[in-house]
Engineer: 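If you scroll down you'll find the structure; I have some questions about it.
FYI, the numbering just counts along the sequence from 1. Counting starts at 1 for both ligands and their atoms, following the listed order. Please read all numbers here as calculations on a predicted model, not as lab measurements.
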Amino acid sequence: MLPEVGTDVLKAKDLLMQGECVVIPTETVYGLAADALNSKAVARVFEIKNRPNFNPLLLHVSDIVVAQQYAEFNDLAKKLARQFWPGPLTFVLPQLKESKIAQLATANLDTIAVRIPAHPLAHKLLKKIDRPLVAPSANPSGLVSPTTVEHVKESLGNKIAYILDGGPCKIGVESTIIDLSDPKKPMLLRPGGTAKEEIEAVMDMPLATTDDKAIKAPGQLKSHYALSLPLRLNVLRPDEDEAYLSFGHTSYPAYVMLNLSPSGNMVEAAANLFDYLRKLEAEAKLKGLKKIAVAAIPNEGLGLAINDRLTRAAAAK
Ligand code: TXA
Ligand code: MG
């Protein structure tokens, strides 16, 4: 079934509030948007894009007041926001403790990436919905980012219900990402729609660059995935001193356990993953258990990303 295409912001809002993904225009590229507070909706984004791992996503917000409900703005961030927002510049900032962003959206990091897009239709939608949206480029993983509705239809056409049509994207490359979590050492994480020199001129200091690996995959660093208890994978029967993260309806019973998805649904499992790992860890410690055992997760669809995450967590300890 081909997606509906139109400029109905209220329709887009309703779908998003129901946990659906909607393609939205921005000034940089078209984004596959979902409610950043709804972990299942965020899991669907990864599923639709067929991403093999859970990279952290960036938040799109209508104004700095909303941004400040999730990220802690230092003076440098405020100054740059005044100068460049709305526009193709994304800040990585410390995430507020009370932030209710789905953990899957931030890959469980304690920082968060945020921007205000300049496209009028995106802005109208964000204003109406009054909550942050994640919106990675609306293309299957590994393909180029779409800058027209036609591109989106070609690659994701049968997977989405609605495309908000904002015409061709003016900028055509993704936003520039800078890490301002340490204002003394601002770093360029991804070059993009805002020139480095322009940012440096406003900051009156140079932007540091990191090595390539860290730029491309900040969410991939082992330390981001470390739990304080060791993780044992592909476990059919947990030991007595293990809490159990199970999956599917035939799971072995355990004293402390959580089931990622009793019905074996991958979207549900991905949505629960980070939250359940944290909960299990806390509960295991409370009960004096020493390890977390994890059931085998089928390596298909979102299972690839789930297993990527679990393997990293197991290796980090
Ligand atoms: O132009 C854009 O920015 C497009 C349009 C649609 O707005 N959106 C976009 O979103 O590119 P997304 O979610 O794909 O961008 C995610 C980028 C990734 O490179 C990710 O590694 C980085 O932001 N990122 C997200 N959170 C981060 C964090 N806490 N620390 C470092 N990098 C982060
Ligand atoms: Mg992309």
Engineer: Does Arg115 come within less than 4.0 angstrom of ligand 1, counting non-hydrogen atoms of the residue?
Structural biologist: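 Yes, that is the case, since the closest heavy atom of the residue is under 4.0 Å from the ligand.
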Engineer: Any donor-acceptor pair under 3.5 Å linking the side chain of Gln95 with the backbone of Ile112?
Structural biologist: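 Answer holds: no.
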Engineer: Could you pull out, from Thr111, Val114, Leu189, the option with a heavy atom nearest to atom 29 (N) of ligand 1?
Structural biologist: Thr111
Engineer: Between Glu27 and Arg115, is the closest basic N to carboxylate O distance under 4.0 Å?
Structural biologist: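 Result for this pair is yes, salt bridge flagged.
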Engineer: Do you know which of Met187, Lys196, Lys185 makes side chain to side chain contact (heavy atoms under 4.5 Å, CB included) with Leu207?
Structural biologist: Lys196
Engineer: I'd like to know if Glu242 and Lys291 make a salt bridge, using a cut-off of under 4.0 Å between side-chain N and carboxylate O.
Structural biologist: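 Between Lys291 and Glu242 there is a salt bridge, with a charged N closer than 4.0 Å to a carboxylate O.
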Engineer: State plainly whether the residues Lys79 and Asp75 are in salt-bridge range, i.e. N to O under 4.0 Å.
Structural biologist: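 A salt bridge is absent here (no side-chain N lies under 4.0 Å from a carboxylate O).
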Engineer: Keeping the roles fixed (side chain from Thr176, backbone from Gly192), state whether a donor-acceptor pair exists under 3.5 Å.
Structural biologist: yes
Engineer: Using the ring of each side chain (for Trp, its six-membered ring), is Phe73 parallel, tilted or perpendicular to Phe91, with breaks at 30° and 60°?
Structural biologist: perpendicular
Engineer: As a check for students: among Ala113, Gly31, Pro56, Pro136, identify the option with a heavy atom nearest to atom 16 (C) of ligand 1.
Structural biologist: Pro56
Engineer: For Val134, state whether at least one heavy atom is located under 4.0 Å from any atom of ligand 1.
Structural biologist: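 Contact check Val134 vs ligand 1: negative.
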Engineer: By residue and atom, what protein N/O/S atoms are less than 2.8 Å from the Mg ion (ligand 2)?
Structural biologist: Ser137 OG
